[in-house]
Visitor: 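Have a look at this one.
Numbering of residues begins at 1 and proceeds along the displayed sequence.
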Amino acid sequence: MKYINIANTDLQVSNMIMGNMRLTELSLPEAENLIRTAMDEGINFFDHADIYGKGKCEEIFSEAIQMNPSIREKMILQSKCGIISPEGYFDFSKEHIIESVNGILKRLNTEYLDILLLHRPDPLMEPSEVAEAFEELHNSGKVKHFGVSNHNPAQIELLQKYIPHKLVVNQLQFSIAHTPMIDSGITLNMKVDQAINRDSSILEYCRLHDITMQAWSPYQHGFFEGSFLGDLERFPKLNEVVDNIAEKYGVTNTGIATAWITRHPANIQVVLGTTKTERMKEACKGAEITLTREEWYQIYKAAGNMVP
């Protein structure tokens, strides 16, 4: 397992993250097995959100692992807040952020979060109010560090203007079959659809400002439209190339899809949402591989992208 430092923190974290969005699909013994498998593989970073299972996923996590101080000190715990379910709106009010964190801590049976992320941008956000919430949470010891998820550069800048604490993480969708973060940069100044800048150059912005990126849905295409791995109807060429490279390295296609992300010099963490221990092991094994430049570009082109 490769470990990286999240800039502007003392956190040494695995570049693989166990995501816990689907824990409600598992029994307690199955959840415990999955968590312990992650830890055995070297994963020390666990991602949550108060919306996952309406909080039930956090409860299952702490109960399955029998959370206690000795286990807690081996983990980096991150959670997210701001999405209201089932109403379907966002809330970055001071009251809601603090209430959410108190609920998260209770469900996870811990006294603090290592990182709290604002889950999706709230157009009605008052940044000074967010700053007040963050300051209160930090001073009370309930949250050590703060970040965002699915935010663009201007949204981060607006928050950072008011918040004294450095925003250290941005969690974004990224996979071989979902690459807007790099597409427009490759085809800059070309009159093609791929050259449309859809994300305000967020990858470069995060690298310039020492914000660690985390890739969610690393094996999916579209917005939860399914895995591209093994989808021979929609991604025949991509699967052919991935399978050939997987055979060369002696890993599965999941391993190569993981290696493609971790090959990027931005040191992007990969959020594994799987509920299967074997797939988690496959992903971790892939993260140990360093693809050649030729292989990386070959995979990128096989996904239907242009390299001028």
Side-chain angles (χ1 to χ4, degrees), residues 17-26 31 46-62 77-108 113 115-134 136-137 142-143 146-160 162-163 167 169-175 177-178 180-181 196 198-200 202 213-228 271-275:
I17 295 173
M18 178 178 166
N20 292 277
M21 185 175 71
R22 298 167 59 196
L23 277 192
T24 51
E25 299 176 13
L26 303 177
F46 298 85
D47 176 69
H48 298 269
D50 59 0
I51 195 176
Y52 295 164
K54 301 180 184 178
K56 186 65 177 177
C57 291
E58 291 168 329
E59 291 180 355
I60 292 172
F61 182 89
S62 62
L77 292 182
Q78 170 179 284
S79 195
K80 303 182 285 292
C81 71
I83 299 179
I84 308 300
S85 177
E87 291 85 355
Y89 63 90
F90 307 142
D91 189 348
F92 282 6
S93 67
K94 177 182 177 180
E95 179 182 13
H96 178 73
I97 292 172
I98 292 174
E99 181 182 359
S100 293
V101 170
N102 287 334
I104 290 166
L105 296 179
K106 182 179 180 180
R107 291 189 294 271
L108 287 175
L113 287 176
I115 304 175
L116 173 70
L117 306 184
L118 298 176
H119 206 158
R120 281 192 176 274
D122 176 13
L124 301 182
M125 171 190 72
E126 293 283 359
S128 59
E129 195 173 345
V130 175
E132 290 177 10
F134 281 8
E136 184 171 321
L137 291 168
K142 292 180 178 180
V143 180
F146 301 92
V148 295
S149 182
N150 308 298
H151 280 57
N152 68 29
Q155 291 163 338
I156 295 173
E157 288 282 351
L158 178 60
L159 276 167
Q160 196 67 83
Y162 292 84
I163 298 170
L167 296 172
V169 163
N170 192 7
Q171 190 176 112
L172 301 150
Q173 185 177 7
F174 187 56
S175 74
H178 186 90
M181 286 200 295
I196 297 172
R198 291 181 166 86
D199 65 352
S200 306
I202 187 61
M213 285 176 287
Q214 300 172 346
W216 59 268
S217 286
Y219 315 115
Q220 301 280 319
H221 67 95
F223 190 66
F224 299 117
E225 292 178 22
S227 176
F228 57 85
V271 183
L272 306 175
T274 185
T275 57

Visitor: Starting at CD of E129, measure out to OG of S93 and round the result to the nearest 0.5 Å.
Guide: 5.5 Å
Visitor: I'd like to know if the side chain of Q160 reaches the main chain of L167, judged simply by a donor and an acceptor atom lying under 3.5 Å from each other, with no hydrogens or angles considered.
Guide: yes
Visitor: When rounded to the nearest 0.5 angstrom, what distance separates CG in N102 from SG in C81?
Guide: 11.0 Å
Visitor: Mark yes or no for whether K80, through its side chain, and H48, through its backbone, hold a donor-acceptor pair below 3.5 Å.
Guide: yes
Visitor: Rounded to the nearest 0.5 Å, what separation is found between the CD1 atom of I51 and the SG atom of C57?
Guide: 10.5 Å
Visitor: How far does OG of S217 sit from CG of L272, to the nearest 0.5 angstrom?
Guide: 11.5 Å
Visitor: Do E95 side-chain atoms and I98 backbone N/O form a donor-acceptor pair below 3.5 Å?
Guide: no
Visitor: Looking only at heavy atoms, what is the nearest atom pair of S200 and P153, with distance?
Guide: O-CG, 3.2 Å
Visitor: If only atom types and distance count, is the side chain of N20 paired as donor or acceptor with the main-chain N or O of D47 below 3.5 Å?
Guide: yes
Visitor: What is the minimum heavy-atom distance between H96 and I84, and which atoms define it?
Guide: CE1-CD1, 3.1 Å
Visitor: When rounded to the nearest 0.5 angstrom, what distance separates CG in N170 from CD1 in I156?
Guide: 4.5 Å
Visitor: My understanding is that only one of Y162, F146, F92 makes a ring pair (Phe, Tyr, Trp, His ring centres under 6.0 Å) with F134; could you say which?
Guide: F146
Visitor: Looking at every non-hydrogen atom in both residues, tell me the closest pair between R120 and F223 and how far apart they are.
Guide: NH2-CE1, 3.6 Å
Visitor: Which of these passes side-chain contact (heavy atoms from CB on, under 4.5 Å) with V130: L158, D122, I97?
Guide: I97
Visitor: The test is side-chain contact (heavy atoms from CB on, under 4.5 Å); show your working for L116 and K142 and say whether it passes.
Guide: CA-CA 10 Å; L116 173 70; K142 292 180 178 180; over 6 Å; no
Visitor: Checking the side chain of N150 only, and the main-chain atoms of H119 only, is there a donor and an acceptor separated by less than 3.5 Å?
Guide: yes
Visitor: Side chain of Q173, backbone of W216: donor and acceptor closer than 3.5 Å?
Guide: no
Visitor: Could you tell me which non-hydrogen atom of L117 sits nearest to which non-hydrogen atom of V148, and how far apart they are?
Guide: CD2-N, 3.6 Å
Visitor: side-chain contact (heavy atoms from CB on, under 4.5 Å) for D199 and L172? Distances and angles first, verdict last.
Guide: CA-CA 10 Å; D199 65 352; L172 301 150; over 6 Å; no
Visitor: Over all heavy atoms of both residues, which pair between Q155 and H151 is shortest? Give the atoms and the distance, please.
Guide: OE1-CA, 3.4 Å
Visitor: Heavy atoms only: give me the nearest S175-P218 pair and the separation to one decimal.
Guide: CB-O, 3.1 Å
Visitor: Could you check whether any side-chain heavy atom of L23 comes within less than 4.5 Å of a side-chain heavy atom of F61, counting everything from C-beta outward?
Guide: yes
Visitor: Mind checking the OH-CD1 spacing from Y52 to I83? Nearest 0.5 Å is all I need.
Guide: 7.5 Å
Visitor: Stepwise, does the side-chain contact (heavy atoms from CB on, under 4.5 Å) test hold for L113 with L137?
Guide: CA-CA 10 Å; L113 287 176; L137 291 168; over 6 Å; no
Visitor: When you measure from the side chain of D50 to the backbone of S79, do you find a donor-acceptor pair of N or O atoms at a distance under 3.5 Å?
Guide: no
Visitor: Determine yes or no for a side-chain-to-main-chain donor-acceptor pair under 3.5 angstrom, with Q78 supplying the side chain and I115 the backbone.
Guide: no
Visitor: Under a 4.5 Å cut-off applied to non-hydrogen side-chain atoms, are H221 and H178 in contact?
Guide: no
Visitor: Using a 4.5 Å cut-off on heavy atoms from C-beta on, say whether the side chain of F90 contacts that of P121.
Guide: no
